[in-house]
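In what follows, a single structure is set out as structure tokens and then discussed.
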Amino acid sequence: MPLVTSKEMFEKAYAGGYAIGAFNVNNMEIVQGITEAAMEEKAPLILQVSAGARKYAKHVYLMKLIEAALEDTGLPICVHLDHGPDFETCKSCIDGGFTSVMIDGSSKPFAENIEVTKKVVEYAHAHGVVVEGELGQLAGIEDDVNVESHSYTDPAQVQEFVEKTGVDSLAIAIGTSHGAYKFKPGHKPELRFDILEEVTQRLPGFPIVLHGASSVIPEFVEKINKYGGAMPDAIGIPEDMLRQAATSAVCKINIDSDLRLAMTATVREYFAEHPADFDPRQYLKPAREAIKDMVKRKITNVLGCGGKA
Ligand code: G3H
Ligand code: 13P
Ligand code: ZN
């Protein structure tokens, strides 16, 4: 099975009331953990690569790892650029074999966002690649950009944006945010389902994307803190809220922090229990297993895409 775009995945997800998980990859253990889980659950899959991941591991290494996973699992896999910062990065990923790119113009004025997104769409579509755009800004940290508070998507802008750019999917801001500190301690987690509903009415049948959708599961934060970490105020989006979103027009749900937390908690625990070990395989093996378990949990509790591959 060759790499696929997300087009057919999203059509089926929209019609079937489920979402596809888009998981960030940075190294071999992460790729293996995610793809083994998806294979066992027979789940369609998006593996996404950030600019930071390309810098860390190099494009070619990640691409070859994903190709190996494709051969190993036989799954339909889409490989996607997460938060493409500019046209050049998107072009480089398209030329380098990705089947989907995000151009993140969300911090730019509306007209500039349209301009850069349209340029990426023209190049991508000419090469059989699909494009995700973004309107509205999530609070939290993305690469080097730190946004203090949400700038929710304005539903009045979405039709014009999609029509003028030709994007294939749209990321919107409804209260999710990146990282492990999504709500201030004592604040009730809340998502603006009213905005999602209005966007859906204005873009019937169009696939919507949620970024910043980790749940920051207390069990893993507690383990990190138990074994020497210091993350006392980490809070995420409750899984039932994300499950609700997955049954709507939301076809892609981005998850990275939950994988990082699971991996880190497992490695910390391993070293606490095996202080004399120094073979990376000894601690990366349970870490890879923790990634696999987390992805299975997401497929069941949040995405609903098990058995849909
Ligand atoms: O939204 C950002 C993703 O979690 C990727 O993070 O830029 O640190 O690779 P990164
Ligand atoms: P989390 O930080 O909530 O996992 O979000 C990841 C993401 O949106 C990647 O684009
Ligand atoms: Zn994101």
Side-chain angles (χ1 to χ4, degrees), residues 6 19-27 30-31 33-34 45-59 61-62 78-86 89-90 93 98 100-107 131-147 150-151 153 169-183 189 191 208-218 220-221 231 233-239 241-243 245-246 250-265 290-291 294-295 297-298 301-303:
S6 50
I20 313 294
F23 299 97
N24 288 72
V25 295
N26 295 281
N27 67 14
I30 297 175
V31 170
I34 297 168
L45 186 61
I46 298 173
L47 294 178
Q48 55 186 12
V49 176
S50 70
R54 289 177 87 226
K55 203 167 149 192
Y56 171 75
K58 287 194 185 172
H59 182 100
Y61 283 84
L62 293 171
C78 165
V79 56
H80 173 78
L81 168 65
D82 191 25
H83 293 284
D86 47 42
T89 309
C90 293
C93 288
F98 283 23
S100 174
V101 293
M102 173 191 195
I103 171 71
D104 185 353
S106 62
S107 61
V131 180
E132 173 185 326
E134 180 166 3
L135 265 184
Q137 270 190 292
L138 276 63
I141 300 166
E142 263 171 46
D143 282 327
D144 298 331
V145 186
N146 190 356
V147 182
H150 301 291
S151 168
T153 303
S169 62
L170 182 68
I172 61 169
I174 60 166
T176 59
S177 60
H178 292 103
Y181 303 91
K182 300 189 191 296
F183 300 95
L191 291 186
I208 300 301
V209 177
L210 283 190
H211 282 247
S214 280
S215 295
V216 189
I217 296 146
F220 294 92
V221 177
M231 303 186 68
D233 298 327
I235 303 172
I237 318 287
E239 287 183 328
M241 284 188 193
L242 295 164
R243 182 77 202 96
V250 171
C251 293
K252 171 173 178 272
I253 293 189
N254 286 12
I255 297 163
D256 187 5
S257 295
D258 277 338
L259 302 184
R260 295 180 182 195
L261 290 164
M263 197 164 194
T264 301
I291 295 272
M294 181 60 72
V295 171
R297 174 187 178 128
K298 296 292 168 185
N301 291 7
V302 171
L303 302 162

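First listed ligand is number 1; within each ligand, the first listed atom is number 1.
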Completion exercise
atom 1 (P) of ligand 2: of Gly236, Ser215, Ser214, Ala180, the nearest heavy atom sits on Ser214
Practice task
Give a yes/no on ligand 2: does Lys182 have at least one heavy atom closer than 4.0 angstrom to it?
Solution key: yes
Practice task
Determine, using heavy atoms of Arg260 and all atoms of ligand 2, whether some pair is separated by less than 4.0 Å.
Solution key: no
Practice task
Could you see which bit of His83 sits under 4.0 Å from ligand 1, with heavy atoms only: side chain, backbone, both or neither?
Solution key: side chain
Exercise for the section: State, with a plain yes or no, whether a side-chain heavy atom of Ile217 is found less than 4.5 Å away from one of Arg297. Expected result: yes
Practice task
Using a strict cut-off of 4.0 Å, indicate which atoms of ligand 1 neighbour a heavy atom of Ser50.
Solution key: 5 (C), 7 (O), 9 (O), 10 (P)
Handout entry: Atom indices of ligand 2 within 4.0 angstrom of His178 heavy atoms, with elements
Key = 2 (O), 5 (O), 6 (C), 7 (C), 8 (O), 10 (O)
Handout entry: Closest approach to the Zn ion (ligand 3) by His211, given as the N, O or S atom name
Key = ND1
Practice task
Run the numbers for me: atoms of ligand 2, each under 4.0 Å from some heavy atom of Asn24, listed by number.
Solution key: 9 (C)
Practice task
Over 60° means perpendicular and under 30° means parallel, so classify the ring planes of His178 and His211, tilted if in between.
Solution key: perpendicular
Fill in the blank from the handout: Value for OG (Ser214) from CG (Leu242), rounded to nearest 0.5 Å, stands at 9.0 Å
Exercise for the section: Provide, to 0.1 Å, the distance between atom 2 (O) of ligand 2 and the closest protein heavy atom, together with that atom's residue and name. Expected result: Ser257 OG, 2.7 Å
Problem - Close side-chain approach of Gln48 to Asn24, heavy-atom, < 4.5 Å - result: yes
Exercise for the section: Find out whether Val221 and Ile235 are in side-chain contact, i.e. whether some heavy atom of one side chain is under 4.5 Å from a heavy atom of the other. Expected result: no
Handout entry: Shortest protein contact, atom 8 (O) of ligand 2 (heavy atom only)
Key = Gly212 N, 2.7 Å
Fill in the blank from the handout: In ligand 2, the atoms that come under 4.0 Å of a heavy atom of His211 are 8 (O), 10 (O)
Exercise for the section: For Ser177, take its heavy atoms, then give the atoms of ligand 2 lying under 4.0 Å from any of them. Expected result: 3 (O)
Practice task
Work out whether the distance between some heavy atom of Arg260 and some atom of ligand 1 is less than 4.0 Å.
Solution key: yes
Handout entry: His83 neighbourhood, listing ligand 2 atoms whose heavy-atom distance to it stays under 4.0 Å
Key = 10 (O)
Practice task
Heavy-atom contacts with Ile255 under 4.0 Å: which atoms of ligand 2 show up? List them by number with element.
Solution key: 4 (O)
Handout entry: 4.5 Å side-chain heavy-atom contact, Met102 and Asn254
Key = no
Practice task
Please determine if Asp258 has a nitrogen or oxygen closer than 3.5 Å to a nitrogen or oxygen of ligand 2.
Solution key: no
Problem - Pairwise distance CG(Leu47) to CZ(Phe98) - rounded to 0.5 angstrom - result: 10.0 Å
Problem - Contact check, side chains of Ile291 and Ile34, non-hydrogen atoms, under 4.5 Å - result: yes
Exercise for the section: Report, in ascending order of atom number, the atoms of ligand 1 lying under 4.0 Å from any heavy atom of Asn24. Expected result: 3 (C), 5 (C)
Exercise for the section: Give the residue and atom name of whichever protein heavy atom lies nearest to atom 9 (C) of ligand 2, and the separation in Å to one decimal. Expected result: Asp82 OD2, 3.1 Å
Practice task
Indicate, as side chain, backbone, both or neither, the part of Ala213 found under 4.0 angstrom from ligand 2 when only non-hydrogen atoms are considered.
Solution key: backbone
Practice task
Find out whether Ser100 and Ile46 are in side-chain contact, i.e. whether some heavy atom of one side chain is under 4.5 Å from a heavy atom of the other.
Solution key: no
Practice task
Within a distance under 4.0 Å of any heavy atom of Gln48, pick out the atoms of ligand 2 and give their elements.
Solution key: 9 (C), 10 (O)
Handout entry: Winner among Asn26, Asp256, Leu138 once heavy atoms are compared against atom 4 (O) of ligand 1
Key = Asp256
Practice task
Decide yes or no for Leu45 and Phe23: does some side-chain heavy atom of the first lie under 4.5 Å from some side-chain heavy atom of the second?
Solution key: yes
